[in-house]
Every structure is written in C-alpha cells, then in structure tokens.
Amino acid sequence: VMVLAALAERGEKSALPEALNAAKSADEPIRIAGLGALARLGDASTVPVLVSALQTGGNTTAAARASLVRLDGAGVNEAVLSAMQGQTDMSRRAELIGIIEGRGFAAAVPTLLPEALGDNSNVRRAAMRALGRLAAPKDLASMLQSLLKSSPGAERDDAERAIASVCARVGEPSQQASAALALYDKSSATEKAILLPVLGRLGGPKAFEAVKAALASSDPALSKAGEA
C-alpha cells in the first residue's frame, strides 16, 4: 500500500496496472489505496472502475468519489457524464451528477437541465445544485421550470438557492430578477406562490412590487407565499 501511494505521488503511470488491481481487491485497505492512486495515475479508461466502486458503500465509495472528482486527463469529464446518463439507479445517477458538479464541468449543463426536470426528486435536487454552480443566466428559464416542479421543503429550498446563485451572475443587478419576473407575470396563482419566495431572495424594485401585491392579494396562498 505504501509503495503504491509513493508511486502515485510521483505520478508513475507505469504503476497504473497495479493501481487497477488494487482497486479491485477484496481487502478494503488495499482497495482504498488503489482507488486513491487512480486519481493520480488513471485516465478516462479508468472511470468505469471508479464508478463501479461507488456502489460498494462505506469508505470505498468515499474513496471512489474523491478520485472521480480529482481524476484528470482528456475525455474524463465526458466519460463521467456518459456514466451518469447510462445509470438507471436513480441514487447513483444523482451521485454522479454531484461528481460532475465537483469537477466543475460546465459543458454538462445542457445535459443537466433536463435532469432537473425529471421525475426523480433526488436526481432533480442534485441537478439543480450542480446547475447553481455551473449554469449561466441563459439557463434560468429552464431552471425556473424545475423550481415549479420541485417538492416543497429541502428540494425547493435548494432550487431557490441555485436560481439565486445563477441570477447573481447577471451583470446588471437591476436585471437579476428579470427571468423570474417574466415567468411570474404569466403564471397561475399556484405557480406564483412557488415563485414568490425566490423573488424575495432576488430583490429589486420590481420583485418587491410583486411581493407587495401578493401580500395584499385576496388569495390566501399568494398572501402567505408573499410573507415567505
């Protein structure tokens, strides 16, 4: 284990076969050492080994996840994205989305946007968190649709935070709530009640006008949402 760690630290690519063998070992300390070494010695071809190790659980999963985030080289981002798209287990799909976020792979945004609109709440939540870090203001219209689909509670809170993060990238502060306001103006009362808290987060004169009008509304759902 110590020899493998030393070889990995030096970036000795010739030790890749040993690292791969160790990563598949039945002995947990050896397996974890191998997975850690792959972060330095591996390439896109080692992504499937690391993805498979994610399913093991415990310290092995943590080691595989850390290596997938750190692994460098041509085609690695694309290999991780492909692994996510091919994953039918939704909890693992969500975990791979988190790894894409950790890698900062902004080119994955067009693929993540539909994931944020899917039927599985864990996948939607992971995708929105990733989009909060990786998306651009042009992606807000789709993200706002995901907010409307989100479940109340933690998922919706995460969605609001992600949208606020992306809105903060709008260069002109007075325009940061524009996408949300455009959707709000054509939404149903139920949808407006979901959008109001994010308008409150974003602020600005027009957003505050919408919140103020909601507070004065005769619709109890709207007036309650305006207080949020």
Side-chain angles (χ1 to χ4, degrees), residues 39 42 44 47 50-51 54 61-87 89-183 194-195 197-204 207:
V47 168
L50 291 166
V51 170
L54 284 174
T61 293
R65 184 188 303 114
S67 288
L68 279 167
V69 171
R70 292 173 54 208
L71 185 62
D72 197 12
V76 172
N77 282 327
E78 292 77 10
V80 175
L81 182 63
S82 178
M84 182 278 291
Q85 291 176 293
Q87 184 55 256
D89 181 292
M90 292 300 103
S91 64
R92 292 169 187 161
R93 193 178 185 97
E95 185 161 31
L96 284 163
I97 290 172
I99 289 166
I100 290 167
E101 176 190 358
R103 293 185 60 80
F105 185 33
V109 166
T111 302
L112 295 176
L113 289 169
E115 296 293 330
L117 289 165
D119 294 328
N120 183 273
S121 61
N122 288 333
V123 172
R124 288 198 307 267
R125 192 175 177 188
M128 282 297 276
R129 283 196 298 259
L131 290 167
R133 178 180 175 188
L134 303 175
K138 64 183 177 63
D139 304 308
L140 283 166
S142 181
M143 292 178 69
L144 285 161
Q145 291 299 322
S146 181
L147 172 66
L148 295 179
K149 191 168 184 176
S150 64
S151 301
E155 183 189 353
R156 189 161 295 167
D157 289 343
D158 279 355
E160 290 175 10
R161 281 192 288 270
I163 288 167
S165 293
V166 178
C167 286
R169 294 172 199 142
V170 175
E172 175 53 54
S174 65
Q175 298 299 312
Q176 289 180 354
S178 294
L181 284 165
L183 180 59
I194 296 172
L195 291 166
V198 81
L199 288 176
R201 282 179 184 265
L202 296 174

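Counting begins at 1 with the first residue of the sequence.
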Which pairs would a plain distance check flag for residues 67-75, meaning a side-chain donor or acceptor within less than 3.5 Å of a matching protein atom at least two apart in sequence or in another chain?
unit_1 : atom_1 : unit_2 : atom_2 : d
Ser67  : OG     : Leu35  : O      : 2.6
Ser67  : OG     : Ala63  : O      : 3.3

Keeping Asp139 on the side-chain end and Ala136 on the backbone end, is there a donor-acceptor pair under 3.5 Å? yes
Polar side-chain atom of Ser150 near backbone of Glu155 as donor-acceptor pair, under 3.5 Å: no
Is the side chain of Arg93 donor-acceptor paired with the backbone N or O of Gln87 at a distance under 3.5 Å, no angle test? yes
Within a radius of less than 6.0 Å around CG of Asp89, do more than 12 heavy atoms belonging to other residues, nucleotides or ligands occur? yes
Any Glu101 side-chain heavy atom under 4.5 Å of Arg129 side chain: yes
Of all heavy-atom pairs linking Ala207 and Gly203, the shortest is CB-O, 3.3 Å
Closest approach of Val76 and Ala44, non-hydrogen atoms and distance? CG2-N, 3.7 Å
Return the minimal non-hydrogen interatomic distance between Ser165 and Gly132, and the atom names on each side. CB-O, 3.5 Å
Side chain to side chain contact (heavy atoms under 4.5 Å, CB included), that's the test. Do Met84 and Arg92 meet it? Break it down for me. CA-CA 8 Å; Met84 182 278 291; Arg92 292 169 187 161; over 6 Å; no
Between Val80 and Arg103, does the side chain to side chain contact (heavy atoms under 4.5 Å, CB included) criterion hold? Intermediate values first, please. CA-CA 10 Å; Val80 175; Arg103 293 185 60 80; 4.3 Å; yes
Of the non-hydrogen atoms in Leu195 and Leu144, which two are nearest, and what is the gap between them? CD2-CD2, 4.0 Å
Short question: side chain of Arg169, backbone of Ala135 - any donor-acceptor pair under 3.5 Å? yes
So CG of Asp158 and OG of Ser151: to nearest 0.5 Å the spacing works out to 11.5 Å
Could you work out, with side-chain hydrogen bond (donor to acceptor under 3.5 Å, both in side chains) as the rule, every residue matching Thr111, not counting sequence neighbours? none
Evaluate the criterion side-chain hydrogen bond (donor to acceptor under 3.5 Å, both in side chains) for residue pair Gln175 and Ser178; output intermediate values, then yes/no. CA-CA 5 Å; Gln175 298 299 312; Ser178 294; 2.9 Å; yes
Do Met90 and Val123 have side chains that get closer than 4.5 Å, going by heavy atoms? yes
When you look at Asp157 and Arg125, which way does the salt bridge (Lys or Arg N to Asp or Glu O under 4.0 Å) test go after all the steps? CA-CA 10 Å; Asp157 289 343; Arg125 192 175 177 188; over 6 Å; no
Rounded at 0.5 Å granularity, tell me how far CG in Leu140 sits from CG in Leu147. 11.0 Å
Nearest-0.5 Å distance, CG of residue Leu117 to CD of residue Gln145: 7.0 Å
Test item: Ile97 and Met128 side chains (from C-beta on) under 4.5 Å apart, heavy atoms: no
Kindly write out the residues that satisfy side-chain hydrogen bond (donor to acceptor under 3.5 Å, both in side chains) with Ser121, not counting sequence neighbours, or none if the list is empty. none
Using side-chain heavy atoms (C-beta onward) and a distance below 4.5 Å, is Ile163 in contact with Leu131? no
Rounded to the nearest 0.5 Å, how far apart are CZ of Arg124 and OG of Ser146? 7.0 Å
Would you tell me whether Ser82 and Gln85 have side-chain atoms, one donor and one acceptor, within less than 3.5 Å of each other? no
What's the verdict on side chain to side chain contact (heavy atoms under 4.5 Å, CB included) for Leu54 and Leu96, showing C-alpha distance, side-chain angles and the deciding distance? CA-CA 9 Å; Leu54 284 174; Leu96 284 163; 3.9 Å; yes
From Leu50 CG over to Thr61 OG1, what is the distance, rounded to the nearest 0.5 angstrom? 11.5 Å
Give the minimum heavy-atom separation between Leu134 and Phe105, together with the two atoms involved. CD1-O, 3.6 Å
For the CG atom of Leu199 and the CG atom of Leu183, what is their distance to the nearest 0.5 Å? 9.0 Å
Distance-minimising heavy-atom pair for Ala126 and Ala94: CB-O, 3.6 Å
So does Glu95 pair up with Arg65, basic N to acidic O under 4.0 Å? yes
